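Below you'll find the structure, written out as structure tokens, and then a few comments.
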Amino acid sequence: MSASDDCLFCAIAAGQIPSETVYEDETTYAFKDINPKAKVHVLIIPRKHYANVAELAKDDPAQLVHMVAVAQGIADKAFHGEFRLEFNTGHDAGQSVFHVHAHVLTGEVLSE
């Protein structure tokens, strides 16, 4: 799974499209969502392209674990460690960019 030439999130991770960085390391990039659904709404993506969380879990479970740890770090800084972590997998589940990404939502009490 390498970067996809037509993938929005691959371009963001490569710095070709501007974003507001929240966290980055050599395998992972986190940035603010441009259409936030909570006070803190951050997207966490692996720099390597995977279509969805099921593919990531199968091919690189350690990367998935790292993304959860990054989410915890963001929540620790933003809202006493509590957060909602959401992955949408497939069009019918609301996935609109087919590069796996975790939504970290926090910064306020979230309802159902």
Side-chain angles (χ1 to χ4, degrees):
M1 307 295 143
S2 60
S4 176
D5 290 338
D6 60 348
C7 175
L8 173 65
F9 286 171
C10 285
I12 289 172
Q16 298 166 344
I17 295 175
S19 62
E20 192 170 341
T21 303
V22 173
Y23 173 88
E24 67 180 317
D25 63 29
E26 65 183 41
T27 65
T28 308
Y29 185 69
F31 57 100
K32 289 186 177 182
D33 192 293
I34 61 169
N35 187 22
K37 306 294 185 215
K39 284 184 181 178
V40 176
H41 187 167
V42 175
L43 300 179
I44 303 173
I45 61 172
R47 292 186 184 274
K48 198 171 182 182
H49 185 90
Y50 298 93
N52 58 51
V53 70
E55 184 176 288
L56 174 62
K58 178 180 172 242
D59 293 347
D60 193 353
Q63 174 65 43
L64 180 56
V65 170
H66 180 59
M67 290 171 65
V68 173
V70 169
Q72 183 66 67
I74 291 166
D76 288 344
K77 290 179 184 172
F79 192 64
H80 59 79
E82 296 182 1
F83 65 102
R84 180 177 294 162
L85 186 63
E86 184 176 300
F87 291 91
N88 300 325
T89 301
H91 181 55
D92 289 343
Q95 186 176 7
S96 59
V97 177
F98 291 87
H99 179 125
V100 64
H101 54 286
H103 295 259
V104 179
L105 303 153
T106 193
E108 62 190 309
V109 176
L110 301 172
S111 62
E112 292 294 316

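Not measured: the values here are computed from a predicted model.
- Applying the ring-ring contact (aromatic ring centres under 6.0 Å, His included) rule to pairs touching residues 15-37 yields Phe9-Phe31, Tyr29-Phe31, sequence neighbours excluded.
- Residues satisfying the side chain to side chain contact (heavy atoms under 4.5 Å, CB included) test with Ala57, not counting sequence neighbours, are Leu64.
- Val68 and Tyr50 fall within a single hydrophobic cluster, where Ile, Leu, Val, Met, Phe, Trp and Tyr are joined by side-chain heavy atoms under 4.5 Å apart, directly or via other members.
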Donor-acceptor pairs are to be reported for all side-chain atoms of residues 38-45 against protein atoms at under 3.5 Å, with residues two or more places apart or in another chain.
unit_1: His41; atom_1: ND1; unit_2: Lys37; atom_2: N; d: 2.9
unit_1: His41; atom_1: NE2; unit_2: Asp33; atom_2: OD2; d: 3.4
unit_1: His41; atom_1: NE2; unit_2: His103; atom_2: ND1; d: 2.8

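- Across all their heavy atoms, Ala54 and Asn52 have their closest contact at N-OD1, 3.0 Å.
- A donor-acceptor pair shorter than 3.5 Å can be found between the side chains of Gln63 and Thr28.
- The distance from the CD atom of Glu82 to the CG atom of Leu110 is 9.5 Å, given to the nearest 0.5 Å.
- Glu26 pairs by the salt bridge (Lys or Arg N to Asp or Glu O under 4.0 Å) definition with nothing, not counting sequence neighbours.
- If you chain together hydrophobic residues whose side chains sit under 4.5 Å apart, Val70 and Phe87 fall into the same group.
- Residues Val97 and Ile17 share a hydrophobic cluster, clusters being chains of Ile/Leu/Val/Met/Phe/Trp/Tyr side chains in contact below 4.5 Å.
- Annotation for Asp92: atom CG does not count as buried by contact number, only 12 or fewer foreign heavy atoms lying within 6.0 Å.
- Listed by chain and number, the residues in a side chain to side chain contact (heavy atoms under 4.5 Å, CB included) with Gln16 are Ala11, Ala14 (sequence neighbours excluded).
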**Asked** Does the pair Val22 and Lys32 meet the rule for a side-chain contact (heavy atoms from CB on, under 4.5 Å), with working shown?
**Response** CA-CA 7 Å; Val22 173; Lys32 289 186 177 182; 3.8 Å; yes

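- Here the side chain of Gln95 pairs a donor or acceptor atom with the backbone of Ala51 at under 3.5 angstrom.
- Annotation: ring-ring contact (aromatic ring centres under 6.0 Å, His included) contacts involving residues 58-83, sequence neighbours excluded, are absent.
- Judged purely by atom type and a 3.5 angstrom limit, His99 uses its side chain to pair as donor or acceptor with the backbone of Pro46.
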